[in-house]
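Reviewing the structure listed below.
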2 protein chains.
Amino acid sequence: MNIGQAARASGVSAKMIRYYEQTGLIPPAGRRDSGYRDYSSEDVHMLRFVRRARDLGFSMAAINELLDLWRDRSRRSADVKRVATAHMIELRERIAHLNQMVTTLQTLVDCCSGDHRPDCPILADLEEPAEEHPRKRPSGALQRPNPRP
Amino acid sequence: MNIGQAARASGVSAKMIRYYEQTGLIPPAGRRDSGYRDYSSEDVHMLRFVRRARDLGFSMAAINELLDLWRDRSRRSADVKRVATAHMIELRERIAHLNQMVTTLQTLVDCCSGDHRPDCPILADLEEPAEEHPRKRPSGALQRPNPRP
DNA sequence: CTTGACCTTCCAACGATGGGAAGCCCCATT
DNA sequence: AATGGGGCTTCCCATCGTTGGAAGGTCAAG
């Protein structure tokens, strides 16, 4: 099976299949005499695993762990659970972060008349944030670490 | 005021200040004879504006629009509101997406015993995702017919 | 005058993906 | 058999916002 067929069968684009191979996430595919990569149905199975994990938001590092656990018949389910739980916690943090933004934005948008006049509480808040909706960043902010030393 | 002081005063790292200048998000700073960038308190004010907009998750393209509107005294608040609302909608979509992931993950994690045994519903789902109509499996048809284009 | 902190520019990397070019390979149709 | 079109190969570049580092110039205190 060529890479294009494997891509269609797995839902992972040919580009990404080559990338996953290059970065070591998946083992190198077999090659034909022509140099074309050759995929078995088991390879496609693995690619679908990766695709599904990506759909659930797992990072490639986490997928690497999950693939190792998947292949390890003597794995402990606790290890899998740990990886999944850690990812879920991170997702929840991101959601909380985004929710905070939306809450603030909704407040500001609600206060904006949205007409022809220039006065705008949204710009006013960006200029000098009001204390009524302070946006406290979580102390361990991942995306925007405080540049202050 | 040097770039380091402006960075500390605005909460935007010196690296990012240079980057914002380079990409045209902010106008080029004044220069001393030494070549050092020189910042006024108004510059810092603008940097704080940018910083707060980033904290609210606005993209640099959106911040560009917001800065233009900020500087335009004859702006219509409707234009500001439009930018903010569009961003909020996008944030809500991302949240919905993440929530979907978390919901699935929570279900799987709840089903996982998390002990020394290898059996794991998390891996089982990654291998073969549970479908809403699990019995319907037409042969030859792709389960996920849409490989991301 | 030396030292160390600061500044400058330039280059690279991150994660995950897409786009595209140049060139080879395979299959079907003339 | 030749040809054409589509698939495959590798390689490089772009995204987005941010950080890191190297090489070298500047400033201020000791």
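Within every chain, numbering begins at 1; the chains are lettered A, B, ... in the order of the sequence lines, protein sequences first and strands thereafter.
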Please identify each residue that fulfils side chain to side chain contact (heavy atoms under 4.5 Å, CB included) with [X], with sequence neighbours left out.
{"X": "A/Ser74", "value": "A/Asp72"}
{"X": "A/Gln5", "value": "A/Met1, A/Asn2, A/Arg8"}
{"X": "A/Pro118", "value": "B/Arg75"}

For [X] and [N], give me the distance from atom [atom1] to atom [atom2], rounded to whole Å.
{"X": "B/Arg31", "N": "D/dT26", "atom1": "CZ", "atom2": "C1'", "answer": "14 Å"}
{"X": "A/Phe58", "N": "C/dA16", "atom1": "CZ", "atom2": "C1'", "answer": "17 Å"}
{"X": "B/Ile17", "N": "D/dT19", "atom1": "CD1", "atom2": "C1'", "answer": "14 Å"}
{"X": "B/Gln22", "N": "C/dC10", "atom1": "CD", "atom2": "P", "answer": "9 Å"}
{"X": "B/Leu25", "N": "D/dG17", "atom1": "CG", "atom2": "P", "answer": "9 Å"}
{"X": "A/Asn64", "N": "C/dA16", "atom1": "CG", "atom2": "P", "answer": "11 Å"}
{"X": "A/Leu47", "N": "C/dT17", "atom1": "CG", "atom2": "P", "answer": "12 Å"}
{"X": "A/Ile63", "N": "C/dG15", "atom1": "CD1", "atom2": "P", "answer": "12 Å"}

| Looking at D/dG17, C/dC7, C/dA16, which one has an atom nearest to any side-chain atom of B/Arg18? |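 The answer is C/dC7, which lies nearest to the side chain.
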
| message | What's the angle between the local helix axes at either end of the helix from C/dC1-D/dG30 to C/dT30-D/dA1, using five pairs per end and rounding to 10 degrees? | response |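 Roughly 30° between the end axes, to the nearest 10°.
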
| request: Check the angle between the aromatic planes of B/Trp70 and B/Phe49 and answer parallel, tilted or perpendicular using the 30° and 60° thresholds. | output: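 It falls in the parallel class, under 30°.
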
Can you find a side chain N or O atom of [X] that sits less than 4.0 Å from OP1 or OP2 on [N]?
{"X": "A/Arg37", "N": "D/dT10", "result": "yes"}
{"X": "A/Ser13", "N": "C/dG18", "result": "yes"}
{"X": "B/Arg54", "N": "D/dC16", "result": "no"}
{"X": "A/Ser34", "N": "C/dC26", "result": "yes"}
{"X": "B/Tyr20", "N": "D/dT18", "result": "yes"}

| request: Could you check A/Leu25, A/Asp55, A/Leu66 and say which one makes a side chain to side chain contact (heavy atoms under 4.5 Å, CB included) with A/Val50? | output: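 Single pass found, and it is A/Leu25.
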
| Matching residue for B/Ile26 among B/Leu47, B/Val12, B/Asp43 - test: side chain to side chain contact (heavy atoms under 4.5 Å, CB included) |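 Among B/Leu47, B/Val12, B/Asp43, the one that satisfies the side chain to side chain contact (heavy atoms under 4.5 Å, CB included) with B/Ile26 is B/Leu47.
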
| query | Can you pull the salt bridge (charged side-chain N to carboxylate O under 4.0 Å, His left out) pairs that have at least one residue in residues 9-18 of chain B, sequence neighbours excluded? | reply |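 Qualifying pairs: none.
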
| If you take atom types as modelled and just measure distance, does the side chain of A/Lys15 reach the base of C/dG20 with a donor-acceptor pair under 3.5 Å? |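 Yes.
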
| said: Using heavy-atom distances to pick each residue's nearest nucleotide on DNA chain D, tell me which of A/Asp38 and B/Met16 is more 5'. | reply: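 Result of the comparison: A/Asp38.
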
| field | Given DNA chain D, 5'-ward residue of the pair A/Tyr39 and B/Tyr19, judged by closest heavy atom | value |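 Result of the comparison: A/Tyr39.
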
| message | Taking any heavy-atom pair under 4.0 Å as a contact, classify A/Arg32: base, sugar-phosphate, or nothing. | response |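 Nothing, no heavy atom under 4.0 Å.
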
| Got a sec, which pairs hit side chain to side chain donor-acceptor pair (under 3.5 Å) with one end in residues 111-122 of chain A, sequence neighbours left out? |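 Every side chain to side chain donor-acceptor pair (under 3.5 Å) pair that includes a residue of residues 111-122 of chain A, provided the two are not neighbours, is A/Ser113-A/Asp115, A/Ser113-B/Ser77, A/Asp115-A/Arg117, A/Asp115-B/Ser77.
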
| task | Report the residues that fulfil side chain to side chain donor-acceptor pair (under 3.5 Å) with B/Asn64, sequence neighbours left out, ordered by chain and then residue number. | result |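 Applying side chain to side chain donor-acceptor pair (under 3.5 Å) to B/Asn64 gives none.
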
| Looking at residues at least two apart in the chain, or sitting in another chain, which of them share a side chain to side chain donor-acceptor pair (under 3.5 Å) with A/Glu21? |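 Partners of A/Glu21 under the side chain to side chain donor-acceptor pair (under 3.5 Å) test: A/Arg37.
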
Any N/O pairs under 3.5 Å between the protein and nucleotides 1-6 of chain C? List them or say none.
{"unit_1": "C/dC6", "atom_1": "O2", "unit_2": "B/Tyr36", "atom_2": "OH", "d": "3.2"}

